[in-house]
Amino acid sequence: MLDIRLFRSEPDRVRQALVKRGEEPGVVDDVVRLDEKRRALLVEGESLKRRRNQVSEDIARMKKQGQDTGALVAEMREVSDRIKAIDEEVRGVEGELQALLLAIPNIPHDSVPVGKDETENIEVRRWGEPRQFDFKPKPHWDIGVNLGILDFDRARKITGARFVVYRGAGARLVRALISFMIDVHTRDHGYKEIYPPFLVNRDSMVGTGQLPKFEEDLFKCRDTDYYLVPTAEVPVTNLHRDEVLDASQLPIYYVAYTACFRAEAGAAGRDTRGLIRQHEFDKVELVKFVRPETSYEELEKLVGDAEDILRRLGLPYRISQMCTGDVGFAAAKKYDPEVWMPSYGRYVEISSCSNFEDFQARRAGIRFRPSAGAKPEYVHTLNGSGLAVGRTFAAILENYQQADGTVVIPDALVPYMGGMKVITPER
RNA sequence: GGAGAGAUGGCUGAGUGGUCUAAAGCGCUCGCCUCGAAAGCGAGUGGGUGGGUAGUCCCUGCCCCGUGAGUUCGAAUCUCACUCUCUCCGCCA
């Protein structure tokens, strides 16, 4: 959520930000109009309340002295009715205002390239060389099914499309990847491990920005207020919702594994084969709470932490920077690490690292006290995948496949696989 | 799921219709005292949102005693609903 004061002092800046994102700027005028109306009502209502407070004291005093208060009481009855009507009107206006503000995206940082959609994202850097195969490489769904470590057919039976069953060395590889990633981030990058609930309430979803705008992307549990998490970002960022953190606690780094559940409402027909786009997938997520002045260096470090996993796994990747048209509702700046996927013949998103500045913090009420006695200020929040486990699994199968259909396990994972160096067919 | 108890400021805890602009204690900050510290003494100590003003200084209003509604001239206090916490019972990995 943007600061309402920004609409008062720099409405043009908000309009320009919306235009850069390819959205209609007209909503800014609606916000300004409602804000003015709200303040006018507040001034009127509060002056009446002031009078009521004063007169109520007078009445108490007069009654104590046995004086007649009938006329004042009658007058206050009317004043109270008027206050009630104004308060109701204020609530209505605030409701409208809040609804608008919650649906307005963040302002892209000045360093974000202007562009209309994903075709105008820019490549920042590359690491590693895509391997030259001396045989025809297979897509990961064929490799995995042939090895007996992926079972899409039975997943379709027990649940439905866009689900998968991992078997044997496949199941172990998932577990190995999760442990490996968390170990690297906790041991070498300074993150604290968190294991949060996979169901969260509506307030949490509003806090990080999934709601109210993107309801159709989420799975909701019937007859409850609970949603399945689409990413660990939601429960972990909301850990500190409505808190005032001590400045000495910052920066806070968290790493969390969760399963992630996404309805993929707008993706019908896309990536229908394999592990790339599932309704349920595993992800190790990095979340930071930082002082505002440090958030852009923290973003670069965050991307570096995600990249480190890719390097240790020996997977070729590149870093894309999202343009204004593709930067995401809540983010001010976003980088997507993308892994080389031989079956696609291109780089595929395997992480997404964003600086939200105070956009989420304002929604979720996450503040810190810059110094003893100072007023609380909003923190900046950041997060990024480190990494998406299903896509990492797919990338390992494809990039480490051999002509005979077996898959070499990257050295870094061998200890997590109980010493296994190659995945051979499972019975 | 059943029965009961409860929700007040950073914490403990008083307060059952009108100086509650919430007692007291603890904690914290500052000052005095001290070589320094402790003790003691004194002062201060929340959040939100408006107005005045160029201003995060200052002046000033309104709101906040779990949440929401109601009664009343006036609600922490009375009524109703809801949420959450705790205790006991039942069920359960």
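Protein chains get the first letters and strands the later ones, always in sequence-line order, with residue 1 at the start of each.
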Worksheet, complete the sentence: Here the distance between atom C1' of G50(B) and atom CD1 of Ile86(A), to the nearest Å, is 14 Å

Worksheet item: Which of these, Ile4(A), Val14(A), Leu6(A), sits in a side chain to side chain contact (heavy atoms under 4.5 Å, CB included) with Val31(A)?
Response: Ile4(A)

Practice prompt. Please state how far atom CZ in Arg367(A) lies from atom C1' in U49(B), giving the value in whole angstrom units.
Written response: 12 Å

Worksheet item: If we take the P atom in both C28(B) and G10(B), what is their distance in whole Å?
Response: 16 Å

Worksheet item: Donor-acceptor pair under 3.5 Å: do we get one between Glu46(A)'s side chain and the base of G61(B)?
Response: yes

Worksheet, complete the sentence: Note on RNA chain B: ranges paired as stems (three or more Watson-Crick/G-U pairs in a row, both atom distances under 3.5 Å) are B:1-7 with B:83-89, B:10-12 with B:24-26, B:27-32 with B:40-45, B:46-52 with B:58-64, B:66-70 with B:78-82

Worksheet item: In whole angstroms, how far is the C1' atom of C28(B) from the CG atom of Asp246(A)?
Response: 12 Å

Fill in: Gap between atoms CG and C1', on Leu41(A) and C62(B) respectively (whole Å)
14 Å

Practice prompt. If a pair satisfies salt bridge (Lys or Arg N to Asp or Glu O under 4.0 Å) and one of its residues is in residues 276-285 of chain A, list it, with sequence neighbours excluded.
Written response: Glu264(A)-Arg277(A), Asp271(A)-Arg277(A), Lys283(A)-Glu285(A)

Practice prompt. Going 5' to 3' through nucleotides 51-60 of chain B, assign each nucleotide B (protein heavy atom under 4.0 Å from a base atom), S (under 4.0 Å only from sugar-phosphate atoms) or - (no protein heavy atom that close).
Written response: S---------

Fill in: Centroid-centroid under 6.0 Å between His279(A) and Phe219(A) rings
yes

Worksheet item: Just how far, in rounded Å, is C1' of C82(B) from CZ of Arg202(A)?
Response: 18 Å

Worksheet item: What integer number of Å spans the C1' atoms of C35(B) and A43(B)?
Response: 26 Å

Practice prompt. Could you name each residue pair satisfying salt bridge (Lys or Arg N to Asp or Glu O under 4.0 Å) that touches residues 349-366 of chain A, not counting sequence neighbours?
Written response: Asp3(A)-Arg362(A), Asp358(A)-Arg362(A)

Discussion item. Regarding Arg5(A), tell me which of base, sugar-phosphate or nothing describes its non-hydrogen contacts under 4.0 Å with the strands shown.
Written reply: nothing

Worksheet, complete the sentence: Under a 4.0 Å heavy-atom criterion, the protein footprint on nucleotides 64-80 of chain B, written with B, S and -, is -----S-S-BS------

Worksheet item: Less than 6.0 Å separating the ring centroids of His240(A) and Phe368(A)?
Response: no

Discussion item. Tell me if the aromatic rings of His140(A) and Phe393(A) count as close, with their centers under 6.0 Å from one another.
Written reply: no

Worksheet item: What distance, rounded to whole Å, do you find between the two P atoms, one in G44(B) and one in C58(B)?
Response: 16 Å

Fill in: Whole-angstrom distance between G9(B) and C88(B), as gauged at atom P
26 Å

Discussion item. Closer than 4.0 angstrom, basic N to acidic O: yes or no for Asp151(A) and Lys157(A)?
Written reply: no

Worksheet item: Under 6.0 Å between ring centres, would you say that holds for Phe329(A) and Phe359(A)?
Response: yes

Item to complete: Could you give the distance separating C84(B) and U29(B) at their C1' atoms, to the nearest angstrom?
Response: 34 Å

Item to complete: For nucleotides G17(B) and U87(B), find the distance between their C1' atoms and express it as a whole number of Å.
Response: 33 Å

Worksheet item: Which of the following nucleotides, C63(B), G47(B), U49(B), is nearest to the side chain of Arg38(A)?
Response: U49(B)

Worksheet item: When you compare U53(B) with U67(B), how far apart are their C1' atoms, in angstrom units rounded to a whole number?
Response: 37 Å

Worksheet item: Would Asp35(A) and Arg8(A) pass as an ion pair if we require N to O under 4.0 Å?
Response: yes

Practice prompt. Indicate yes or no: does Arg202(A) engage Glu215(A) in a salt bridge with an N to O separation below 4.0 Å.
Written response: yes

Practice prompt. Identify whether the distance between the nearest side-chain nitrogen and carboxylate oxygen of Asp87(A) and Arg82(A) falls below 4.0 Å.
Written response: no

Worksheet item: Ile83(A) has an atom CD1; how far is it from atom P of G61(B), in whole Å?
Response: 16 Å

Practice prompt. For G27(B) versus U12(B), give the span between their P atoms, rounded off to a whole number of Å.
Written response: 15 Å

Worksheet entry | For atom CG of Asp242(A) and atom C1' of G46(B), their distance in whole Å | 15 Å

Worksheet item: Thinking salt bridges, do Glu377(A) and Arg367(A) make one under a 4.0 Å N-O criterion?
Response: no

Item to complete: For Met62(A) and G18(B), give me the distance from atom CE to atom P, rounded to whole Å.
Response: 18 Å

Donor-acceptor contacts under 3.5 Å from residues 189-198 of chain A side chains, at least two apart:
unit_1: His189(A); atom_1: ND1; unit_2: His185(A); atom_2: ND1; d: 3.0
unit_1: His189(A); atom_1: NE2; unit_2: Asp308(A); atom_2: OD2; d: 2.8
unit_1: Tyr191(A); atom_1: OH; unit_2: Asp305(A); atom_2: OD2; d: 2.7

